K.L.:
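Sharing a structure here in structure tokens format.
Since the structure is predicted, the reported quantities are computational estimates derived from the model, not experimental observations. Below, read A as the first sequence line, B as the second, and so on, with proteins coming before strands; counting in each chain starts at 1.
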There are 2 protein chains.
Amino acid sequence: MARAATTSDAFNAVAEPRRRAILNYLAMQERPVGEIVDSLGLEQPSVSKHLRVLLEVGLVNVRRDGRRMLYRTNAEAIRPLHEWTETFERFWRHQLSRIKERAEGKSNPPKDSGPHFIPRRKHDYDGNKN
Amino acid sequence: MARAATTSDAFNAVAEPRRRAILNYLAMQERPVGEIVDSLGLEQPSVSKHLRVLLEVGLVNVRRDGRRMLYRTNAEAIRPLHEWTETFERFWRHQLSRIKERAEGKSNPPKDSGPHFIPRRKHDYDGNKN
DNA sequence: TTGACATATTCCTATATAGGAATGTATTGT
DNA sequence: ACAATACATTCCTATATAGGAATATGTCAA
């Protein structure tokens, strides 16, 4: 199977950075499509398509004003994401304090060096050809 | 172009529901792959693949313990998502109070009926054939 | 009614999955 | 050294984009 549709839920919809940019832009007040296009520097059809996705998952609302369509972020629909991430808040607090403790006890703090892949042990490189 | 890779950032990685389930499961304590498989009822190769994605974006850490690999959620990596959603918190608070005001002033509260598509006006259906 | 303006949709395509099946790799106990 | 255990990776495929280009649809003004 392929990935779930972008319209399947808010998590999938906001995975696209431009859609997040649009949501940010439309949070304060409603705006017509043209302004989104100009402000974010995207192609008009692209904006329309992103708005369609956002609309389908309820992340934005629309209202017609003459020939323009006024879109606006529906913040309420972002709440589930906020709540999911929130359940991890206490964990990163714990992790931070642990890191702090170490930093105080030693010099040269571990210095998070990005994703930590586990090296394979396939060979020992101990000089023995085996 | 296709959608961005699931490994391009945390937003894309957590769009998949099973990966969120895994993150939830691994938040409290590290666990070997086998336990994830049993507890969440997923196929082992599937779990391994999801873990790989999560590892690449730094959402989990690993550590080897004999023949087992102990994975654990790196809550810190979820923080950016939390912070992004947080910027909308004040908006949904405002929206809620507005809704409350209406609910108190009138009977029949609007009753959120899901995504609100704007009906096309193409035809008026007013009885006139044109 | 016609033209201009504002948006939406369709078509086409390269790319990236996610799942299932099969297989590869690493590590320990004996 | 070998079997068993625990994971990871590869292969294959149906599906879903996201962007660009072209076009359709809707609405207002004269």
K.L.:
Could one point to a donor on the side chain of Gln44(A) or the base of dA6(C) with an acceptor on the other under 3.5 Å away?
P.N.:
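A donor-acceptor contact between them is absent.
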K.L.:
Just to verify, which of Leu59(B), Leu26(B), Val62(B) counts as forming a side chain to side chain contact (heavy atoms under 4.5 Å, CB included) with Leu51(B)?
P.N.:
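Testing Leu51(B) for a side chain to side chain contact (heavy atoms under 4.5 Å, CB included) against Leu59(B), Leu26(B), Val62(B) leaves exactly one candidate, Leu26(B).
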K.L.:
Any idea how Phe88(B) and Phe91(B) line up, ring-wise: parallel (<30°), tilted (30 to 60°), or perpendicular (>60°)?
P.N.:
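Because their plane-to-plane angle lies in the 30° to 60° range, the rings of Phe88(B) and Phe91(B) count as tilted.
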K.L.:
Below the 4.0 Å mark, does dA8(D) have OP1 or OP2 next to a side-chain nitrogen or oxygen of Tyr71(B)?
P.N.:
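Result: yes.
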K.L.:
Taking only N and O in the side chain of Arg52(B), is any of them less than 4.0 Å away from OP1 or OP2 of dT9(D)?
P.N.:
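Yes, because at least one side-chain N or O of Arg52(B) sits under 4.0 Å from OP1 or OP2 of dT9(D).
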K.L.:
Test your reading of the model: is there a side-chain donor-acceptor pair from Arg31(B) to the backbone of Leu70(B), 3.5 Å cut-off?
P.N.:
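No; judged by distance alone, with no hydrogens or angles, the pair does not exist.
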K.L.:
Whole Å only: how far is the CZ atom of Arg68(A) from the P atom of dC28(D)?
P.N.:
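Answer to the nearest Å: 12 Å.
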K.L.:
Take atom CZ of Arg67(B) and atom C1' of dG24(C), then tell me their distance rounded to the nearest Å.
P.N.:
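That distance rounds to 17 Å.
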K.L.:
Please state how far atom CG in Leu55(B) lies from atom C1' in dT9(D), giving the value in whole angstrom units.
P.N.:
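One finds 15 Å between C1' of dT9(D) and CG of Leu55(B), rounded.
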K.L.:
Can you check whether Arg64(B) has a side-chain N or O nearer than 4.0 Å to OP1 or OP2 of dT27(C)?
P.N.:
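Yes.
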K.L.:
Quickly work out the Glu43(A) CD to dA8(C) P distance and round it to whole Å.
P.N.:
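Answer to the nearest Å: 15 Å.
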K.L.:
Hydrophobic cluster membership, with links at side-chain heavy-atom distances under 4.5 Å among I/L/V/M/F/W/Y: are Val33(B) and Met28(B) in one?
P.N.:
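Per the 4.5 Å side-chain linkage, Val33(B) and Met28(B) are co-clustered.
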K.L.:
Does the side chain to side chain contact (heavy atoms under 4.5 Å, CB included) test come out yes or no for Trp84(B) and Thr85(A), once each step is laid out?
P.N.:
CA-CA 10 Å; Trp84(B) 181 73; Thr85(A) 61; over 6 Å; no
K.L.:
Taking Arg3(B) first and then Glu16(A), would you say they form a salt bridge - that is, a charged N and a carboxylate O separated by under 4.0 Å?
P.N.:
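Salt bridge: no.
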K.L.:
Could you state the CG-P distance from Asp38(B) to dT5(D), rounded to the nearest angstrom?
P.N.:
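Whole-Å distance recorded here is 14 Å.
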K.L.:
Grab the CG-C1' distance between Leu42(A) and dT7(C) for me, whole Å please.
P.N.:
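That distance rounds to 15 Å.
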K.L.:
Does any N or O in the side chain of Asp65(B) come within less than 3.5 Å of the main-chain N or O of Arg68(B), such that one atom is a donor and the other an acceptor?
P.N.:
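Side chain of Asp65(B) to backbone of Arg68(B), a donor-acceptor pair under 3.5 Å: no, none is there.
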K.L.:
What is the distance, to the nearest angstrom, from the CG atom on Asp65(A) to the C1' atom on dT7(C)?
P.N.:
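Between C1' of dT7(C) and CG of Asp65(A): 13 Å.
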K.L.:
Base, sugar-phosphate, or nothing: which does Pro45(A) touch, judged by heavy atoms less than 4.0 Å apart?
P.N.:
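Pro45(A): base contact, heavy atoms under 4.0 Å.
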K.L.:
Within the 4.0 Å limit for protein heavy atoms, which parts of nucleotides 13-19 of chain C are touched? Write it as a string from 5' to 3', B for base, S for sugar-phosphate only, - for none.
P.N.:
-BBSBBB
